[in-house]
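Here's the structure, in structure tokens; my notes come after.
No experiment lies behind these values; they were computed from the predicted model shown. Within every chain, numbering begins at 1; the chains are lettered A, B, ... in the order of the sequence lines, protein sequences first and strands thereafter.
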Amino acid sequence: MSGNEAPKRPKLILAGNGMAGVGTLEQILKLTGAYDITVYGAEPHPNYNRIQLSYVLEGSKTFDEIVLNDRDWYREHGIRLHTGTKVTRIDTESKKVITETGDAESYDKLIIATGSKPFFLPVPGHDKNGVIGFRDIADCETMIAASRTKKKAAVIGGGLLGLEAAKGLVQLGMETTVVHLFESLMERQLDEVSAGMLKAELERQGIQFAMGKKTVELTGGAEVEGLRFEDGTELPADLVVMAAGIVPNTDVAKASGIDCRRGIVVDDYMRTSAPDVYAVGECCEHRGVCYGLVAPLFEQGGVLAHEIAGLDPAPYMGSSVATKLKISGVDVFSGGVYAETAEHRVLRNHDDWRGTYKKVLLKDGRIVGAVLYGDVTDSSVLTRLVRDQAVMTDELYGQLFGRGGCCSEGKASIGVEAMADDEIVCGCNGVAKGTIVQGIREQGWSTVEQIKVCTGATRSCGGCKPMVEQLLQLTLGDSYDGTAAAKAGICGCTSLSRDEIVASIQEMGLASVREVMNVLGWSQPEGCSKCRPAINYYLGMLRPLEHRDEKDSRFVNERLHANIQKDSTFSVIPRMYGGVTSPEELRKIADIADKYAVKMVKVTGGQRLDLLGVKKEDLPSIWADLGMPSGYGYAKALRTVKTCVGSRFCRFGTQDSIAMGIDLERRFERLWMPAKFKMAVNGCPRNCAESGIKDLGIIGNDGGWEVFVGGNGGIKLRAGDSLCKVKTDEELVLICSGFIQYYRETANYGERTSEWVERIGLETIRQAIVEDKDNCAALAARVEQALAALHDPWQEAVENGELRRQLYEPVQAGATNE
Amino acid sequence: MNGTNSSAIMLDAGKPDEYPIGLGREVRAGSLSVAVFRASGGRWYALENKTPHAKGGSLAEAIVSGDYLYCPVRDLKIALGSGEVQAPDTGQVRTFDIRVEDNRVRISIPKQS
Ligand code: SRM
Ligand SMILES: Cc1cc2nc3c(=O)[nH]c(=O)nc-3n(C[C@H](O)[C@H](O)[C@H](O)COP(=O)(O)OP(=O)(O)OC[C@H]3O[C@@H](n4cnc5c(N)ncnc54)[C@H](O)[C@@H]3O)c2cc1C
Ligand code: SF4
Ligand code: FES
């Protein structure tokens, strides 16, 4: 095939390694790989989430946690990254970028994204030591260091940035006063009422305020000692944070003769006055506006990415902005116009008891602004309504303010109807309402599954599924029927339902995944990643003794018996029955962690240890060294059985929960299930091992055990239902066996017990295993059969050389002399 | 095509029976990692062992269906032959020429400029 050398790629340089610039690069990389990219950033770090500096300051996040693109990301995308390197000038004639070290690098296209700088009040003393801005990680570090030796801080500016800085400083133990020129906080976003509520709450959280104060001088020697105000009063402070505003950073552009006003002037395609030089983010000025929040910057980045990829973007028309304050315990939202004038009609709901405030401003019947305090659940809807200047209707009013009088009680939830077409339904995959509705109308999508395949919505966390279902309902009306949707087949390859497939396997005696797909007329002859693992499970469940597990139909984790990580290393969680270990075992694990240089040893949420970051080819030897069975932490199978201390040690324990937990774990380990399956056993109703949110949770009491089923602590929290009480250990084991097997035989592949219990009903289950004793005994016998056929997969890999080689080891290739 | 194309390196990746049908294997050559698939029906494919997804990940552990793979980390569907990521996702994986000759698996890697 083509051995042609790739033509030299055009060079793209980014000056400014911040959120807007790198955000734009990400979008460009999605659209084209045509550029050879170099990035210069003045800060010594890769791109991080500047917004979350507030969390770093208050100590709730570490710097590593706010990194957005680590150095590997740049490397993986072939981007040359120069951190700690400032660009000083651009030679727009010879198309070269010149750095502070004097290096010159030529470009074909250049993006300036130098952000902004804190605005320092030009008062005498503003350059003293101890006076800083709040813009980057260095500022955070300065503040954190200062808090160790200094006591009193003053923050100049009562806006978003100033308040977040003040909160952080209070958290760091400093006595902190916010100095504000106006009488009302966040005066550019909030009206007086909400600002008053905000101030009262922040005072409660320990921030002090000096309102209506104009700073005229910073006093002290080399170090700052205080502020002097216009009215002659003073405030002592040994740290002063300037948070009175930002100024677009136009240094480089100005030094290079590029047109600047307040910011670098750009047109609707983010082009500056110099050819092939673009600007994006806080440093630029578009139609006279410089923005200071990220949402507009990402919109700009989208336009610019298309422009650079040569894809004719729609012009950028400017953004409407909305604000939220990120201080815990304080929910504030504001969008559009907040201050009412005679031309506005005002809808207001102020509840001093609950501490909530909601105001919507109408102009000529259209929504032009909104303020929320205390309860900001409607903020995303209001952002859209304000942006679109939506007409207020009775219905919208009902949704926003409730029909039933003054209180929010009667409020209908704002469902998908109220969402704008471009509002995001699936946050994980960025799918907008309009895309889904259009597909339903024009492509005839009629199931969640089809929408998943075509758009990706619901594919990741699944949290958006209810909204997608509502959209189907809304768009298709009566013709949408959730049960018919289930009939649409288990995946895009077939129109057969789970029950039909299982029945066919039984009736026709189908024996392999391939046979099932052939005989039942799969549209994609070799199936997909949804149906293949499902069929493999059904085959194994129906014929435990005959079926040979088909590795090529297994998802990677269940094929390799380890959990794949984002960097394609794996994790190893050995069984630690009932969460009980020993010094000897711990020593062994520690030695092995050293020997294989695992990246982390972590205590899991399931009461055992996880060795993270193991190379695939090391897995079999690590397992051999451990000599412990697989914990199946990666599988649709029994995961952990958590136990509490119980009667062996605990003064409240009524049952030996540890012994029972270990016994159950040994009994049911390795058993394949429709979905992951978690258990817990507790010694008394205090429930320290959380039986209430387990697939099967057991709680001891004085007279025996109580069994809870269908609990889930994951995406959709569900408390387990009490299935029954039993008196003896034998009865308990029998009920567990019956329950597990009934679930294995009737659940859809991928369906957790929490969903299954709701689908088939608790009463049906109780009837099948508690009332019908014979049936329960038969179920228990079948589970024994299934268990008998299973072996520890780690041991198998250790013993079987061919398996080990083919599944775990890479082929080392040599070059041939041709 | 013969192997004399000087702008490509020919890799010897062992015997065909080292490759289980329907599964992928990683072939390493220096710093390059190639995911080799022996699909049912005897077709061979070689792709760079790296998803085009921004957050990274390998491909050799994929589920293979016909001439497509489903990537192990995010379930992207990718055409084995062209390396093209299928809708709704987008992206492109590098692919390499692969063939079996004299009972050896050979992969041709264009020399990088
Ligand atoms: C290791 C562990 C986190 C930890 O360090 O504590 C963990 C790690 C993962 N969990 Fe979990 N879960 C872990 C305990 C839990 C728990 C707590 C528990 O079991 O008590 C829950 C909530 C309880 C529950 O499931 O009801 C939990 C609910 C989830 C969910 C949501 C499941 C749901 O039905 O809602 C997922 C996503 C899924 O399964 O689709 C998930 C998925 C995952 C996966 C496997 C994601 C994946 O597929 O790669 C994570 C692997 C991380 C990695 O890179 O290796 N993990 N996960 C815990 C392993 C426990 C163990 O010893 O086996
Ligand atoms: C504490 C804090 C809290 C915030 N909270 C919010 C919030 O809640 N919501 C919100 O929407 N926005 C918030 N913002 C604003 C948001 O962070 C910015 O809008 C956004 O980071 C701007 O992106 P940018 O790329 O334009 O600039 P930046 O992210 O500042 O990136 C510019 C980068 O360019 C570098 N640079 C400058 N000059 C040069 C040069 N000559 N050569 C090389 N590199 C250079 C800088 O060092 C910097 O790293 C907050 C900001 C701060 C500081
Ligand atoms: S659940 Fe009960 S027995 Fe178990 S540790 Fe807690 S208090 Fe003790
Ligand atoms: S929000 Fe749609 S999958 Fe997570």
Side-chain angles (χ1 to χ4, degrees), chain A residues 1-8 26 29-31 33 69 72-73 76-77 429 431 452-457 459-460 493 514 524-530 532-533 550-557 559-560 564-568 616-617 802 805-807 809-818, chain B residues 1-14 18-23 25-29 32-34 36 39-40 49-50 52 54-58 60-66 68 70 72-75 77 87-92 96-97 104-108 110-113:
Chain A
M1 313 246 14
S2 88
N4 293 344
E5 293 192 11
K8 265 226 155 51
E26 284 189 341
L29 289 169
K30 277 194 198 146
L31 300 172
N69 305 80
D72 285 345
W73 179 85
E76 279 161 18
H77 290 88
N429 300 295
V431 184
K452 179 184 341 192
V453 172
C454 300
T455 66
R459 190 179 65 181
S460 307
C493 307
R514 177 167 295 269
Q524 178 165 286
E526 295 187 17
C528 70
S529 56
K530 296 284 165 311
R532 289 248 302 274
E550 299 183 41
K551 291 206 176 345
D552 61 343
S553 289
R554 283 282 189 195
F555 174 60
V556 47
N557 289 355
R559 182 177 338 123
L560 298 185
I564 195 163
Q565 317 283 294
K566 64 176 191 178
D567 63 354
S568 296
K616 181 162 89 173
E617 61 260 41
E802 179 165 331
R805 219 175 35 254
Q806 295 200 341
L807 283 187
E809 288 167 12
V811 176
Q812 297 291 350
T816 59
N817 298 325
E818 277 182 271
Chain B
M1 202 102 193
N2 57 33
T4 53
N5 190 338
S6 62
S7 61
I9 300 168
M10 191 59 79
L11 294 181
D12 179 340
E18 286 290 308
Y19 293 81
I21 295 172
L23 287 174
R25 264 198 98 170
E26 183 193 359
V27 173
R28 281 194 204 151
L32 182 72
S33 168
V34 181
V36 171
S40 62
N49 190 20
K50 209 177 95 190
K55 295 198 173 141
S58 57
E61 298 82 9
I63 288 186
V64 184
S65 164
Y68 296 92
Y70 291 88
V73 182
R74 289 172 206 88
D75 208 27
K77 184 176 179 184
D89 303 292
T90 54
Q92 173 71 45
F96 304 105
D97 260 10
R104 304 299 291 182
V105 178
R106 296 192 203 282
I107 306 169
S108 130
K111 276 187 190 152
Q112 297 262 307
S113 54

Looking only at heavy atoms, which two atoms of [X] and [Y] are closest? And how far apart?
X: A29(B); Y: A813(A); answer: CB-CB, 4.3 Å
X: V811(A); Y: Y19(B); answer: CG2-OH, 3.5 Å
X: L23(B); Y: K551(A); answer: CD2-O, 4.2 Å
X: Y70(B); Y: S529(A); answer: CD2-OG, 3.2 Å

Q806(A): side chain to side chain donor-acceptor pair (under 3.5 Å) partners, not counting sequence neighbours =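 Partners of Q806(A) under the side chain to side chain donor-acceptor pair (under 3.5 Å) test: none.
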Quick check for you: to the nearest 0.5 Å, what is the distance between [X] atom [atom1] and [Y] atom [atom2]?
X: K55(B); Y: N69(A); atom1: NZ; atom2: CG; result: 9.5 Å
X: S58(B); Y: K616(A); atom1: OG; atom2: NZ; result: 6.5 Å
X: L807(A); Y: E61(B); atom1: CG; atom2: CD; result: 10.0 Å
X: I63(B); Y: R559(A); atom1: CD1; atom2: CZ; result: 6.0 Å

inquiry  = If we ignore hydrogens and angles and just use 3.5 Å, is the side chain of S65(B) paired with the main-chain N or O of C528(A) as donor and acceptor?
reply    =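 Judged by distance alone, no pair lies under 3.5 Å.
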ask   = Of the listed residues (R805(A), E526(A), Q812(A)), which shares the most heavy-atom pairs with chain B below a 4.5 Å separation?
value =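 Looking at each of R805(A), E526(A), Q812(A) in turn, E526(A) comes out on top.
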Would you mind checking which part of [X] comes under 4.5 Å of any heavy atom in chain A, side chain (CB onward), backbone (N, CA, C, O), both or neither?
X: T90(B); result: side chain
X: V64(B); result: backbone
X: A54(B); result: both

With chain A as the partner, which of [options] has the greatest number of non-hydrogen pairs under 4.5 Å?
options: P20(B), G91(B), S108(B); value: P20(B)
options: A87(B), A62(B), G22(B), P72(B); value: P72(B)
options: K50(B), K77(B), R25(B); value: R25(B)

Under 4.5 Å from any heavy atom of chain B - which part of [X]:
X: Q524(A); value: side chain
X: L31(A); value: neither
X: E617(A); value: side chain

task = For F96(B), check ring-ring contact (aromatic ring centres under 6.0 Å, His included) against everything at least two apart and list the hits.
result =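 Scan of F96(B) (ring-ring contact (aromatic ring centres under 6.0 Å, His included), adjacent residues dropped) gives none.
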ask   = Tell me, do S568(A) and N49(B) make a side-chain contact under 4.5 Å, heavy atoms counted?
value =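 No, every pair of side-chain atoms sits at 4.5 Å or beyond.
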